[in-house]
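Because the structure is a prediction, the values reported are computed rather than measured.
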Amino acid sequence: MTKSSEETAPATSLPEPPSEPAGETRRMTRRGWTLVVSGSLFLVFVVLGSVVPVPFVAISPGPTYDTLGRDAAGNPVIQVAGHQTFQTTGELRMTTVSLHDGVTLFQGLGFWASGRYALAPREEYFKPGETNEQVKQENIQQLQDSQTNAQVAALRKLGYPVKVVAKEIVSGSPADHVLAPGDKLITVNNKKVAEAGDVRAALAGTLPGQTVQITFQSDGQPERTVPLTLASRPDRKEGFIGLTAVDRADAPFNVTISLQDVGGPSAGLMFTLAIIDRLQSGDLAGGRHIAGTGEITETGEVDPIGGISFKVVGAREAGATDFLVPEHNCAEAKTTAPAGLNLIKVSTLDDALAQLANLKAGRPTASC
């Protein structure tokens, strides 16, 4: 038996990998670390975007209020004691803007995507270091000043007299400890005071150190005339008394405005019109749903306001068909006014009354 010439070679064995010591885990790969780090960063982004506020506020159309109607407590917005009031029809609706603070990144993106909100730098509405409570108090004070100006403008238009009173007394000034807030000013430097601007005008040509006479009357007291030695101020050449004078209605009845949770000065025009509508026959709105805005001065000028693009939207959503717009806000109002809203340009209280008369009579109105 012959042996096969072809022999099979023995198989070559490979060395086994060293075994891992007990308790030692396999080292994470670069891909694994990338996933962990990316996931951690994403989680941090989600948390920050959901919790941490960004330096922006969101602005949107706010609620509207019929100044001829009632407040949330059921009280008439315009309340008159000691004078006959007249029935009205229709609405004279004031408008507002809602401000949302503490906006997070994701909320801001959602507000922006909705198309109903606008984002603005927070510093445009809050001074550095100013709290929400401080801003709220400022808005309340502006509303109160607006209501006072509305009463003065309305009663002056209706022919009632106006008095000039001291609103604030500067500490350490010549007027300090002599006059008090609320004192009625009668003459300054022997010149009659008929409106607030007359006080500054009466001091024209005077110099610091000069003595002038001032006649005033405290509540329930007889008139007094006292000498005051004028002080100096760096912002003026004439002498300085140290008081802020304002006009106040001097009517034998009381008008109060009841409206809560609203701030700012922009309701002045609509307050003024509502007071006039309550105190005289004529029915200014004439059954129409009229909205508007505008800061009012004591002498009846209508000043521009902010947020007009949101106010016209809010007014139309509330059913208004006509909107009284301060003249300097017309260009902006036209860019966002909804269909079906008639924009009416006004610059004074007399303008507003004339345009309401045109609406009632079916005549054309001054358009923006």
Side-chain angles (χ1 to χ4, degrees), residues 64-71 75-95 143-163 195-196 246-259 262 264-303 305 315 320-327 342 344-363 365-366:
T64 66
Y65 303 89
D66 179 17
T67 56
L68 296 176
R70 296 180 178 272
D71 62 13
N75 301 311
V77 173
I78 306 299
Q79 302 177 36
V80 180
H83 191 283
Q84 179 186 4
T85 57
F86 296 88
Q87 291 295 319
T88 61
T89 62
E91 297 178 348
L92 292 174
R93 190 168 286 275
M94 58 165 284
T95 53
L143 176 65
Q144 292 172 345
D145 291 343
S146 172
Q147 293 172 346
T148 299
N149 287 354
Q151 294 176 34
V152 173
L155 296 182
R156 176 179 265 146
K157 180 61 182 176
L158 294 174
Y160 291 97
V162 172
K163 61 184 178 181
E195 58 183 45
V246 293
D247 294 340
R248 291 291 183 264
D250 194 14
F253 55 88
N254 293 321
V255 177
T256 57
I257 301 174
S258 173
L259 197 61
V262 178
S266 64
L269 173 61
M270 304 312 289
F271 284 147
T272 305
L273 294 172
I275 293 171
I276 293 174
D277 211 8
R278 286 294 188 197
L279 290 175
Q280 73 172 10
S281 60
D283 192 16
L284 295 181
R288 298 180 70 93
H289 290 241
I290 301 167
T293 189
E295 185 174 351
I296 196 80
T297 68
E298 296 164 334
T299 53
E301 285 79 27
V302 178
D303 291 336
I305 49 79
T321 55
D322 304 279
F323 194 102
L324 300 176
V325 183
E327 181 177 5
N342 176 36
I344 303 172
K345 177 175 64 178
V346 298
S347 58
T348 65
L349 174 58
D350 286 343
D351 282 349
L353 292 170
Q355 296 310 314
L356 292 180
N358 287 340
L359 275 178
K360 190 174 179 181
R363 297 188 295 266
T365 54

Using 0.5 Å steps for rounding, measure from the [atom1] atom of [X] to the [atom2] atom of [Y].
X      : Y      : atom1 : atom2 : answer
Glu327 : Asp303 : CD    : CG    : 11.5 Å
Asn254 : Gln151 : CG    : CD    : 8.5 Å
Leu349 : Ile296 : CG    : CD1   : 5.0 Å
Gln355 : Asn358 : CD    : CG    : 5.0 Å
Phe271 : Ile78  : CZ    : CD1   : 6.5 Å
Asn75  : Arg70  : CG    : CZ    : 7.5 Å

Measure across [X] and [Y] and return the closest heavy-atom pair with its distance rounded to 0.1 Å.
X      : Y      : result
Leu356 : Leu92  : CD1-CD2, 4.5 Å
Ala153 : Thr272 : CB-CG2, 4.1 Å
Gly292 : Thr95  : O-OG1, 3.3 Å
Ser146 : Gly264 : CB-O, 4.4 Å
Pro326 : Ile305 : CG-CG1, 4.5 Å
Ala249 : Val152 : N-CG2, 3.6 Å

[Y] and [X], any side-chain heavy atoms less than 4.5 Å apart:
X      : Y      : result
Thr293 : Leu324 : no
Leu284 : Thr88  : no
Glu295 : Glu301 : no
Ile344 : Leu359 : yes
Glu298 : Val162 : no
Leu259 : Tyr65  : yes
Gln147 : Leu143 : yes
Leu279 : His83  : yes

Open item on the list: Using modelled atom types and a 3.5 Å cut-off, is there a donor and acceptor pairing between side-chain atoms of Asp247 and backbone atoms of Ala196?
Closed with: yes
Task: Thr321 backbone acceptor or donor facing Arg288 side chain under 3.5 Å - done: no
Open item on the list: Quick test of your reading: applying salt bridge (Lys or Arg N to Asp or Glu O under 4.0 Å), list the pairs with at least one residue in residues 275-287, sequence neighbours left out, ordered by first then second residue.
Closed with: none
- [ ] For the pair Phe253 and Tyr160, name the ring-plane relationship: parallel under 30°, tilted 30 to 60°, perpendicular over 60°.
- [x] perpendicular
Open item on the list: Testing the 3.5 Å rule here: is there a donor-acceptor pair between the side chains of Asp71 and Ser258?
Closed with: yes
Open item on the list: One thing to verify: whether Lys157 and Asp350 come together as a salt bridge, which I'm taking to mean a side-chain N less than 4.0 angstrom from a carboxylate O.
Closed with: yes
TODO: Applying side-chain contact (heavy atoms from CB on, under 4.5 Å), run through Leu269 and Val346 and close with a yes or a no.
DONE: CA-CA 10 Å; Leu269 173 61; Val346 298; 4.1 Å; yes
